[in-house]
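Here's the structure, in structure tokens; my notes come after.
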Amino acid sequence: MSQLIQIPAGHILFRPGQECAGFVVVHKGTVRVMLTAENGREIVLYRVQPGDVCLQTFSALVHGTAYSAEGLAETDLEVEILPPAEFQARVIQDGPFRARLFGAVADRFSDLERLVEDVALIGIPARLARTLLRMADSDGRVIARHEELASEIGSAREVVSRQLAVFARGGLILLGRGEIKLTSSAGLQALAGEE
């Protein structure tokens with residue numbers, strides 16, 4: 001039987017090599033799913049929010065394999081975990097569940113295609129500008145370390161730091177301790193190709 005579970009922000013839900021305990025349905029909060037290379041560099045693959053599907057979990061359950069990425073509670077979570085047998089039964093017997101599941105999987109593949117396109121075809125300035133615009137609060141502030149931004153765009157901290165300095169010299173941002181203030185959203189949107 002599935003159960004509702006409260007999970008605090010910062011909790012690791014799964015790691016590479018770990019067996020999958022069941023299908024996670026997020027009711028509240030956000031799970032960040034990322035890969036870490038042997039050299040320690042990380043890239044965020046996607047985030048799972050209410051209504052989304054975690055492809056790592058889906059793949060592990062369908063193929064009977066272990067996780068290959070890490071899932072972290074980015075915020076406090078309320079999740080439901082469907083045991084593998086219940087998940088399999090619902091896929092077979094519950095048409096609306098199956099339709100929602102497959103639709104969410106298709107959406108998640110589109111997200112991954114965009115990620116691959118961004119990393120392979122779009123330069124660091126555009127990727128960083130997009131990330132800053134996405135992460136900014138209503139006051140135009142981004143509270144993030146350079147390492148976090150590097151993980152978001154699939155690059156190295158040093159590369160992000162150099163690019164942020166270029167943005168600051170260009171009057172697009174102000175760098176502060178632990179935060180970045182966007183001073184020209186229009187300029188960042190132009191760099192990001194979102195005019």
Looking at residues at least two apart in the chain, or sitting in another chain, which of them share a salt bridge (charged side-chain N to carboxylate O under 4.0 Å, His left out) with Arg32? Glu74
Can you check whether [Y]'s main-chain N or O pairs, donor with acceptor, with [X]'s side chain at less than 3.5 Å?
X      : Y      : answer
Asp76  : Ala9   : yes
Arg98  : Val91  : yes
Thr131 : Arg127 : yes
Asp139 : Arg141 : no
Tyr46  : Leu55  : yes
Gln18  : Arg15  : yes
Arg108 : Val53  : yes
Ser155 : Ala150 : no
Ser151 : Glu147 : no
Glu80  : Val25  : no

Same apolar cluster (I L V M F W Y, side chains within < 4.5 Å links), [X]/[Y]:
X      : Y      : result
Leu188 : Leu175 : yes
Val166 : Ile173 : no
Val48  : Val62  : yes
Ile12  : Val24  : no
Val31  : Ile5   : yes

[X] versus [Y], closest heavy-atom pair with distance:
X      : Y      : result
Thr57  : Cys20  : CG2-SG, 3.7 Å
Ala21  : Ile81  : O-CG2, 4.4 Å
Val33  : Ala69  : CG1-CB, 4.1 Å
Leu132 : Val142 : O-CG2, 3.5 Å
Leu61  : Gln88  : O-NE2, 3.4 Å
Ser68  : Leu35  : O-CD2, 3.3 Å

Plane angle bin for Phe87 and Phe97 - parallel if under 30°, tilted between 30 and 60°, otherwise perpendicular: perpendicular
Rounded to the nearest 0.5 Å, what separation is found between the [atom1] atom of [X] and the [atom2] atom of [Y]?
X      : Y      : atom1 : atom2 : result
Arg130 : Gln189 : CZ    : CD    : 12.0 Å
Glu152 : Met34  : CD    : CE    : 9.5 Å
Cys54  : Phe23  : SG    : CZ    : 8.5 Å
Leu45  : Arg47  : CG    : CZ    : 10.5 Å
Glu78  : Gln6   : CD    : CD    : 4.5 Å
Asp137 : Lys181 : CG    : NZ    : 7.5 Å

Are [X] and [Y] close enough that some pair of their side-chain heavy atoms sits under 4.5 Å apart?
X      : Y      : value
His27  : Pro50  : no
Leu133 : Ser185 : yes
Val159 : Arg162 : yes
Asp52  : Val26  : no
Leu72  : Leu13  : no

[Y] and [X] side chains, donor-acceptor separation under 3.5 Å:
X     : Y     : value
Glu70 : Thr36 : no
Thr30 : Gln49 : yes
Tyr67 : Ser59 : no

Evaluate the side chain to side chain contact (heavy atoms under 4.5 Å, CB included) criterion for residues Leu172 and Leu191: first the C-alpha distance (whole Å), next the side-chain angles of each, then the deciding distance (0.1 Å), finally the verdict. CA-CA 10 Å; Leu172 300 173; Leu191 272 174; 3.5 Å; yes
Output, in order, the C-alpha distance, side-chain angles, deciding distance and verdict of side chain to side chain contact (heavy atoms under 4.5 Å, CB included) for Ile124 and Ile153. CA-CA 8 Å; Ile124 297 292; Ile153 69 168; 4.2 Å; yes
Decide side chain to side chain contact (heavy atoms under 4.5 Å, CB included) for Ser184 and Phe167; before the verdict, give the C-alpha distance in whole Å, the side-chain angles of both, and the deciding distance to 0.1 Å. CA-CA 10 Å; Ser184 176; Phe167 286 179; over 6 Å; no
If you count heavy atoms of other groups shown closer than 6.0 angstrom to NZ of Lys28, is the number above 12? no
